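Below is one structure, written out as structure tokens, with a few remarks after it.
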Number of protein chains: 2
Amino acid sequence: MKLEEAKQRFVEAWGTLGTNWGINRTMAQIHALLLVTDEPLSTDQIMELLDISRGNANMNLRALIDWGLAERKVKLGERMEYFTGEKDIWKVAVKIIRERRKREIDPLRSTLRDLKMIDDKEQKKEEYKTFVKLLDDIDSYAESLDRVADKLVLTDRSWFFGTLMKLMAK
Amino acid sequence: MKLEEAKQRFVEAWGTLGTNWGINRTMAQIHALLLVTDEPLSTDQIMELLDISRGNANMNLRALIDWGLAERKVKLGERMEYFTGEKDIWKVAVKIIRERRKREIDPLRSTLRDLKMIDDKEQKKEEYKTFVKLLDDIDSYAESLDRVADKLVLTDRSWFFGTLMKLMAK
DNA sequence: CCGTATTTTCAAAATTTAATGAAAGTTTGT
DNA sequence: ACAAACTTTCATTAAATTTTGAAAATACGG
């Protein structure tokens with residue numbers, strides 16, 4: 001396999017994986033393309049390389065910028081915008097964790113909070129207690145996930161690979 | 001809010017959340033319904049309560065059983081099958097982690113392995129080294145995730161809430 | 001076996017999600 | 001202020017996913 005072919009396959013594979021991760025294929029492919037390309041790319045180059053429309057390229061580049069996975073680069077004397085990808089995989093991971101938490105954990109906890117507002121008069125029922133216990137149980141795991149996410153986002157990679165991974169080995 | 005209404009809303013909410021988690025709405029709703037219901041439910045009851053077709057109910061019940069989140073209960077003297085949900089949230093979480101790893105981490109690592117098979121003659125290029133470094137970097141995070149998942153699946157909830165969560169607080 | 005109750009399958013329909021591309025908007029140089 | 005270069009929006013179209021429902025398969029009692 002040649003290098004270019006491998007890169008090509010990486011882009012395709014990242015696109016497919018993105019799908020499993022709840023990220024749309026194009027967004028993941030653009031991200032992968034920026035990851036394997038050292039020089040900044042223009043929208044037109046991205047359209048050409050991935051064979052996608054201008055609208056699609058634009059929307060997904062914007063989404064990547066929102067996530068903090070890509071950034072705009074202005075080239076002196078040029079009007080066209082160029083884009084680069086965050087190359088530091090730890091930072092990429094942190095940004096993905098942050099977004100996933102926002103999409104997955106936050107809405108879960110907020111729903112659980114809402115549901116706990118059940119009428120007082122029902123509180124004697126056994127059934128009521130079981131239900132509230134379920135909500136509390138789920139919330140306590142959600143809270144833990146939240147804490148893990150927080151810690152990962154705030155700490156640095158050496159803590160992760162050192163302290164945490166050492167603990168995992170035991 | 002009445003208990004029944006809260007349960008109803010829990011089912012709906014779990015369905016919506018499932019969507020963010022890459023689980024289809026019906027599967028998540030059936031799961032939620034089984035979580036909040038103590039007695040086993042028949043396919044017909046589930047169809048009725050969630051207003052879905054027999055095919056849909058059947059397929060998603062099967063999927064839940066595959067994930068280990070539901071199980072069949074045979075009632076003595078009855079021909080019809082009944083279903084119950086796993087009520088222990090720790091176990092539910094472990095089963096979800098297991099499935100997500102299968103869908104998300106395993107294919108990632110297998111793709112990375114494939115991509116490392118690049119032609120020898122290219123290996124001198126700077127570009128080659130950068131690319132392989134990227135693959136290795138990604139794989140080392142994937143491996144860590146894998147380790148975390150493994151540990152969580154094998155260990156018990158007291159380790160999780162004790163040792164791990166204490167570490168997170170620091 | 002046969003008939004009935006129940007479950008499973010799967011092609012077609014419905015729904016949801018993503019991509020297109022042309023038009024509208026913006027920025028910049030002159 | 002205009003026009004060219006470029007970016008963004010969004011209604012429409014296309015693709016992917018989910019749901020339906022009727023037919024086929026299976027299980028069971030007599």
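Since the model is a prediction, treat every value here as computed from it, not as a measurement. Letters A, B, ... mirror the listed sequences (proteins, then strands); counts begin at 1.
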Checklist entry - When hydrophobic residues are tied together by side-chain contacts of less than 4.5 Å, even through go-betweens, does B/I89 share a cluster with B/I97? => result yes
Please tell me if [X] has a side-chain N or O lying less than 4.0 Å from either OP1 or OP2 of [N].
| X | N | value |
| --- | --- | --- |
| A/T43 | D/dC6 | no |
| B/R62 | C/dT9 | yes |
| A/N58 | D/dT8 | yes |
| A/N24 | C/dA19 | yes |

Item to check | Polar side-chain atom of A/D139 near backbone of A/L135 as donor-acceptor pair, under 3.5 Å | outcome: no
Checklist entry - So, B/K73 side chain and B/P40 main chain: donor-acceptor pair closer than 3.5 Å or not? => result no
Checklist entry - When you check the gap from the basic side-chain N to the acidic O, do B/K133 and B/D137 get nearer than 4.0 Å? => result yes
Item to check | 5′-ward residue of the pair A/E78/A/T19 relative to DNA chain D | outcome: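 Taking each residue's closest nucleotide, the earlier one in sequence belongs to A/E78.
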Next on the checklist: From the set C/dT6, D/dT20, C/dT20, return the single nucleotide nearest to any side-chain atom of B/I52.
Outcome noted: D/dT20
Checklist entry - From D/dC10, C/dT8, D/dT17, pick the nucleotide closest to the side chain of A/M59? => result D/dC10
Next on the checklist: At less than 3.5 Å, do the side-chain atoms of A/R79 and the base atoms of D/dC6 form a donor-acceptor pair?
Outcome noted: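 Side chain to base: no pair below 3.5 Å.
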Using whole Å, report how far [atom1] of [X] lies from [atom2] of [N].
| X | N | atom1 | atom2 | answer |
| --- | --- | --- | --- | --- |
| A/I65 | D/dT8 | CD1 | P | 8 Å |
| B/Q45 | C/dT6 | CD | C1' | 15 Å |
| B/N20 | C/dT16 | CG | P | 15 Å |

